[in-house]
Amino acid sequence: VKHHFDAQQMLAAALRLDRRPDHCVVVDASPGGSVAARSVEMQSIAWIGSYPRYELLQADTTVSSVDELTAMNIRRLFGERIYDQPLLDQQQAEPEIKKKVKTRYDWNDE
């Protein structure tokens, strides 16, 4: 399957850039590139040209010229995410503080 190979290349690129895949954007001109990006949780921008816009619906956004690739448009791809806070699954569990239980005994049966 070709898109599986593309997805592996995308993951390798994220490793070379030392970035998590969900912090990466793929710019591609084929529907398969958008599918591969989605399969590795990357954002995708499809370049309209070889394929019409209706064949590139898998992409997060589409552009027809380089003028549409503004920082604001790319930032919108990640707009709903909060990067200031670490992901819950990546947080280290805090050690549980065990409190000593103090038990009171009444030895007098009065």
Side-chain angles (χ1 to χ4, degrees):
V1 176
K2 174 107 173 86
H3 97 85
H4 178 68
F5 181 69
D6 290 340
Q8 295 302 316
Q9 288 178 334
M10 291 175 191
L11 284 176
L15 284 172
R16 284 192 302 270
L17 294 171
D18 196 29
R19 296 286 182 256
R20 291 185 357 208
D22 62 336
H23 288 191
C24 296
V25 177
V26 173
V27 179
D28 196 10
S30 69
S34 298
V35 171
R38 172 98 38 206
S39 71
V40 292
E41 299 181 7
M42 291 183 176
Q43 301 296 316
S44 66
I45 299 173
W47 195 278
I48 300 170
S50 301
Y51 295 91
R53 185 180 303 257
Y54 65 85
E55 289 187 22
L56 301 171
L57 295 176
Q58 294 291 329
D60 294 301
T61 190
T62 55
V63 295
S64 57
S65 71
V66 77
D67 295 332
E68 295 178 47
L69 285 176
T70 63
M72 188 58 96
N73 287 341
I74 294 172
R75 179 172 260 182
R76 283 187 190 127
L77 294 173
F78 301 99
E80 296 178 8
R81 299 181 181 178
I82 300 173
Y83 290 114
D84 297 337
Q85 300 174 1
L87 296 176
L88 294 176
D89 59 350
Q90 293 185 349
Q91 289 180 350
Q92 294 181 356
E94 294 182 21
E96 293 182 26
I97 300 173
K98 296 183 179 181
K99 296 181 180 179
K100 292 184 178 181
V101 178
K102 296 181 180 180
T103 307
R104 185 173 172 179
Y105 295 99
D106 188 12
W107 297 102
N108 299 329
D109 290 334
E110 298 178 16

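Computed from a predicted structure; not experimentally measured. Both backbone and side-chain heavy atoms feed into the values below; hydrogens, waters and symmetry mates do not.
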Non-hydrogen side-chain atoms of Gln58 and Pro31 separated by less than 4.5 Å: no
Non-hydrogen side-chain atoms of Ile45 and Leu69 separated by less than 4.5 Å: yes
Is there a side-chain contact between Trp47 and Val63 in this structure, where contact means two heavy atoms from C-beta onward sitting under 4.5 Å apart? yes
State yes or no: do Val66 and Val25 share one hydrophobic cluster built from I, L, V, M, F, W and Y residues joined by side-chain heavy-atom distances below 4.5 Å, directly or via other members? yes
Where Gly33 and Asp28 come nearest, the two heavy atoms and their spacing: CA-OD2, 2.8 Å
Holding to salt bridge (charged side-chain N to carboxylate O under 4.0 Å, His left out), I want the full list of residues that pass it with Asp60, two or more places apart in sequence or in another chain. Arg38
Within the structure provided, determine whether Leu11 and Pro21 are in side-chain contact (heavy-atom separation under 4.5 Å). yes
Any chance you could measure Glu55, atom CD, to Ser30, atom OG, to the nearest 0.5 Å? 10.5 Å
Is there a donor-acceptor pair under 3.5 Å between the side chain of Asn73 and the backbone N or O of Glu68? yes
To which residues is Leu17 joined in a hydrophobic cluster, defined by side-chain heavy-atom contacts under 4.5 Å among Ile, Leu, Val, Met, Phe, Trp and Tyr, whether direct or through other members? none
With clusters defined by side-chain heavy atoms of hydrophobic residues (ILVMFWY) lying less than 4.5 Å apart, directly or transitively, does Ile74 cluster with Val27? yes
When every non-hydrogen atom of Leu56 is compared with those of Ala29, the smallest separation belongs to CD2-O, 4.2 Å
Distance from Met42 atom CE to Ser34 atom OG, nearest 0.5 Å? 12.5 Å
